[in-house]
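Notes follow the structure.
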Amino acid sequence: MITKPKGTKDIYGMEAKRWQYVSKVIDEVMEKYNYNFIRVPVFESSELFHRGVGETSDIVTKETYDFTDRGGRKMTLRPEGTAGVVRSYIENKMYGDVNQPVKLYYNCPMYRYERPQAGRYRELTQFGYELIGSDDPICDAEVISLAVNIYKILGLKGIKVNINSLGDAESRNNYREALIKHFKPHINKLCEDCKERLEKNPLRILDCKVDCDKEVMKSAPKTIDYLNEASKQRFEKVKEYLSLMGVEYLVDPTVVRGLDYYNHTVFEVEAEIEKFGAQNVIGGGGRYNGMVEQLGGPSTPAIGFAAGFDRLMLALDYENVKMPINNSVDLFLLYVNEDEKKYAVYLTNDLRMNGFIVETDYLNRSLKSGFKQADRLNAKFTIVLNSDDLINNELKIKNNKTKEEDVISLDALIYYLDENVIEDDDCNCNCDDSEEHECHCGENCKCKKEN
RNA sequence: GCGGAGUUGGUGAAGUGGUUAACACUCUGGUUUGUGGCACCAGCAUGCGUGGGUUCGAUUCCCACACUCCGCCCCA
């Protein structure tokens with residue numbers, strides 16, 4: 001048997017429906033914030049990620065899927081979204097667009113060569129958005145609150161936002177020096193990984209899970225203390241605007257982010273879910289004012305956010321978040337003989353073109369198993385086509401909920417369905433709650449009140 | 001890249017060096033020659049992740065590999 005490659009996932013059935021629903025919600029929220037969808041290539045020149053994401057991040061140095069194409073070009077499957085979007089921004093001269101700043105979002109697969117775990121894949125899906133062309137703190141606040149709001153609208157609880165500021169280039173450099181100066185004398189007290197980090201990316205020492213309780217760590221200089229006056233005031237504005245939007249956040253000086261391109265505001269979104277283990281960061285982002293210029297565009301400030309779609313889905317599952325997913329068909333058509341089958345062929349097509357969700361038997365089942373199939377599909381109505389009835393220009397339609405059967409004329413069927421097929425206002429999430437409860441749909445609903 | 005645990009039908013799983021791989025659910029058919037959901041009866045893994053090896057004989061023991069999961073690194 002040929003199996004899927006390591007670290008990939010097939011998504012189908014109910015999971016696919018939930019997946020599509022979440023995508024739809026993201027689209028709708030993005031529309032309200034006036035972000036436009038952008039689709040960029042799955043592979044780009046390797047150079048883009050080396051220049052854009054940075055040479056010290058593991059994502060680029062040891063986790064990319066690289067290949068040389070038949071023309072000898074060095075290519076990389078995108079490990080993250082920002083670099084490609086920024087490349088597109090520059091290449092398509094979006095800095096010249098009438099509408100500024102440019103607001104873009106994506107929701108697509110990324111590729112990282114890593115050891116898989118739950119919520120961590122080699123083919124992972126991220127959604128993210130970029131606001132390019134403004135350095136105003138209002139953007140920072142909006143980008144953060146937008147992330148929070150998506151999770152809120154989806155009904156995910158236990159979301160925590162940690163923010164920090166790395167300051168501008170000057171502040172960031174001062175801080176880096178200070179960190180090295182602080183840790184160098186104590187290098188032997190640190191773990192092996194941290195020793196390496198001191199050389200490569202000293203900011204990440206603060207993230208260490210092994211050493212985090214040590215005294216050296218607690219007395220380490222804080223980013224906030226190394227911000228110059230302008231950076232400090234900027235950060236205060238971001239916090240002020242966040243409060244105005246009612247966003248709860250925590251200032252966490254250890255949030256530094258792993259990608260090299262960040263400056264000023266950085267933030268992480270965590271899901272406080274027991275089962276999540278080490279994969280509890282479900283999104284993160286920050287400002288990257290230098291990147292557009294570094295990739296050959298005009299000096300342009302920008303800020304963005306990216307979130308793991310797979311982890312979000314996992315969180316929604318763990319938290320049992322309900323979704324209004326249609327899990328029923330309007331009508332199931334049963335037949336026995338060939339004449340009836342022919343009429344079923346005609347009728348299924350006709351009714352579908354009139355907007356109804358119609359299913360029929362494809363396996364020449366017995367009536368008994370046909371009814372079972374109708375039940376499995378949660379059919380609202382069932383019709384057993386009968387030659388004698390058809391000759392008399394009528395048919396019997398059975399309401400599967402009430403078990404009542406009506407005899408109607410053929411011509412009246414569409415009208416009958418229009419009148420009697422009621423959209424499920426209730427959440428169709430398939431949960432077992434028969435009690436009224438707070439549900440995803442935002443209201444109190446009864447998911448299966450007929451039970 | 002490092003360390004650890006696991007892998008038995010559609011599902012949950014029990015089990016053993018020896019010709020029926022238990023049980024339950026689901027599913028299919030029948031009892032009921034065109035109105036089911038109950039009940040009863042019957043059927044449903046030539047197969048125990050893949051490939052080798054040991055053995056008269058391997059799902060069981062050994063080796064390798066693949067995949068899944070957990071921790072680390074990193075990140076989403």
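Lettering of chains follows the sequences in order, A, B, ..., and the numbering in each one begins at 1. The analysis underlying the following values was restricted to heavy atoms, covering all of them including side chains, and did not include hydrogens, waters or symmetry mates. None of these values were measured; they are calculated from a predicted model.
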Query raised in the report: Base, sugar-phosphate, or nothing for G7(A), non-hydrogen atoms under 4.0 angstrom?
Result: sugar-phosphate
Requested in this report: Check the pair D317(A), R18(A) against salt bridge (Lys or Arg N to Asp or Glu O under 4.0 Å), reporting the backbone distance first and the verdict last.
Outcome: CA-CA 10 Å; D317(A) 284 347; R18(A) 287 170 69 83; 3.1 Å; yes
Query - Y362(A) and E359(A) side chains, donor-acceptor separation under 3.5 Å - result: yes
Query raised in the report: Heavy atoms under 4.0 Å, any strand shown: does D310(A) hit a base, just sugar-phosphate, or nothing?
Result: nothing
Query raised in the report: Paired with U68(B) by Watson-Crick or G-U wobble geometry, both distances under 3.5 Å: which nucleotide is it?
Result: A5(B)
Report task. Tell me whether the OP1 or OP2 atom of C27(B) has a side-chain N or O from R376(A) closer than 4.0 Å. Result -> yes
Report summary line: Taken to the nearest whole Å, CD/E114(A) to C1'/G71(B) is 14 Å
Query raised in the report: Side-chain N or O of R257(A) less than 4.0 angstrom from OP1 or OP2 on A76(B)?
Result: yes
Report summary line: To the nearest angstrom, the NZ-C1' distance between K368(A) and C40(B) comes to 10 Å
Requested in this report: Would you indicate what G119(A) reaches in the nucleic acid, counting non-hydrogen atoms under 4.0 angstrom: base, sugar-phosphate, or nothing?
Outcome: base
Report summary line: Judged by nearest nucleotide, the residue sitting upstream toward the 5' end of RNA chain B, N364(A) or N400(A), is N364(A)
**Report entry** Rounded P spacing from A22(B) to C2(B) in Å
**Finding:** 41 Å
Report task. Send over the distance from M110(A) CE to C74(B) C1', rounded to a whole Å. Result -> 17 Å
Query raised in the report: For atom C1', what is the distance between C74(B) and G3(B), given to the nearest Å?
Result: 16 Å
Requested in this report: Calculate the interatomic distance between R122(A) atom CZ and G1(B) atom C1'; express it in whole Å.
Outcome: 11 Å
**Report entry** F37(A) CZ: over 12 foreign heavy atoms closer than 6.0 Å
**Finding:** yes
Query raised in the report: Nearest-Å distance, NZ (K398(A)) to C1' (U35(B))?
Result: 5 Å
**Report entry** Integer angstrom distance from the P of C48(B) to that of U19(B)
**Finding:** 15 Å
Report summary line: Taking G29(B), G1(B), G37(B) as options, the one with an atom nearest any side-chain atom of S366(A) is G29(B)
Query raised in the report: The side chain of K4(A) lies closest to which of these nucleotides: U35(B), A76(B), C67(B)?
Result: C67(B)
Report summary line: note: R204(A), atom CZ; C72(B), atom P; distance rounded to Å ~ 14 Å
Query raised in the report: Which is true for S369(A) with a 4.0 Å heavy-atom rule: it touches a base, it touches only sugar-phosphate, or it touches nothing?
Result: sugar-phosphate
Report task. Looking only at side-chain atoms of K6(A), point me to the closest of C72(B), U68(B), G37(B). Result -> U68(B)
Query raised in the report: Is G52(B) in the syn or the anti form, by the rule that syn lies within 90° of 0?
Result: anti
Query raised in the report: Which nucleotide in the list U68(B), A76(B), U35(B) gets nearest to the side chain of P116(A)?
Result: U68(B)
Query raised in the report: Has K341(A) got its NZ or CZ under 6.0 Å from the middle of the six-membered ring of Y335(A), at an angle within 45 degrees of the ring axis?
Result: no
Requested in this report: For nucleotides A14(B) and U7(B), find the distance between their C1' atoms and express it as a whole number of Å.
Outcome: 16 Å
Query raised in the report: Is V384(A) touching bases, backbone alone, or none of the nucleic acid, heavy atoms closer than 4.0 Å?
Result: base
Query - G47(B), syn or anti by chi within 90 degrees of zero - result: syn
**Report entry** Pairwise C1' distance for U55(B) and G29(B), with rounding to whole Å
**Finding:** 43 Å
Requested in this report: For residues T223(A) and S165(A), report the shortest heavy-atom separation together with the two atoms involved.
Outcome: CB-O, 3.4 Å
Query - Ring geometry between Y113(A) and Y65(A) (parallel below 30°, tilted from 30 to 60°, perpendicular above 60°) - result: perpendicular
Query raised in the report: C1' atom, U33(B) versus C44(B): distance in rounded Å?
Result: 26 Å
Query raised in the report: What integer distance in Å separates Q373(A):CD from G37(B):P?
Result: 16 Å
Query - Pairing partner of A13(B) (Watson-Crick or G-U wobble, both distances under 3.5 Å) - result: none
Query raised in the report: If you check every side-chain atom of L124(A), which of U28(B), A76(B), U35(B) has the closest atom?
Result: A76(B)
Report task. Could you please name the option among A76(B), G34(B), G1(B) that lies closest to any side-chain atom of E340(A)? Result -> G34(B)
Query raised in the report: Can T82(A) and E130(A) be counted as having a side-chain donor-acceptor contact under 3.5 angstrom?
Result: yes
Report task. Pick the C1' atom in G53(B) and in U11(B), then give their distance to the nearest Å. Result -> 34 Å
Query - R112(A) side chain, from C-beta outward: closest of A39(B), C75(B), G34(B) - result: C75(B)
Query raised in the report: Looking at C74(B), does its base get a donor-acceptor pair with the side chain of R120(A) below 3.5 Å?
Result: yes
Query raised in the report: With both distances kept under 3.5 Å, what pairs with U33(B), Watson-Crick or G-U wobble?
Result: none
Query raised in the report: How far does the P atom of A39(B) sit from the matching atom of G57(B), given to the nearest Å?
Result: 48 Å
Report summary line: Checking N1-N3 plus N6-O4 or O6-N4 for Watson-Crick, or N1-O2 and O6-N3 for wobble, each under 3.5 Å, the partner of G43(B) is C27(B)
Query raised in the report: Any side-chain donor-acceptor pair under 3.5 Å between Y105(A) and N36(A)?
Result: no
Report summary line: Looking only at A76(B), G37(B), G34(B), the nucleotide nearest the K403(A) side chain is G37(B)
Requested in this report: Remember a base hit wins even if backbone is also touched, and classify L385(A) as base, sugar-phosphate or nothing at under 4.0 Å, heavy atoms.
Outcome: base
**Report entry** Partner of E44(A) by salt bridge (Lys or Arg N to Asp or Glu O under 4.0 Å), out of R78(A), R87(A), R51(A), K74(A)
**Finding:** R87(A)
Query raised in the report: Counting any heavy atom closer than 4.0 Å, what does F309(A) reach on the DNA or RNA strands: base, sugar-phosphate only, or nothing?
Result: nothing
Query raised in the report: Any idea which of C73(B), G71(B), C27(B) is nearest the Q117(A) side chain?
Result: G71(B)
Report task. Give a yes/no answer on whether the side chain of R365(A) brings an N or O atom under 4.0 Å of OP1 or OP2 in U28(B). Result -> yes
Requested in this report: Give the nucleotide from the list G34(B), G4(B), A76(B) with an atom nearest to the side chain of N386(A).
Outcome: G34(B)
Requested in this report: Quickly work out the E270(A) CD to A76(B) C1' distance and round it to whole Å.
Outcome: 13 Å
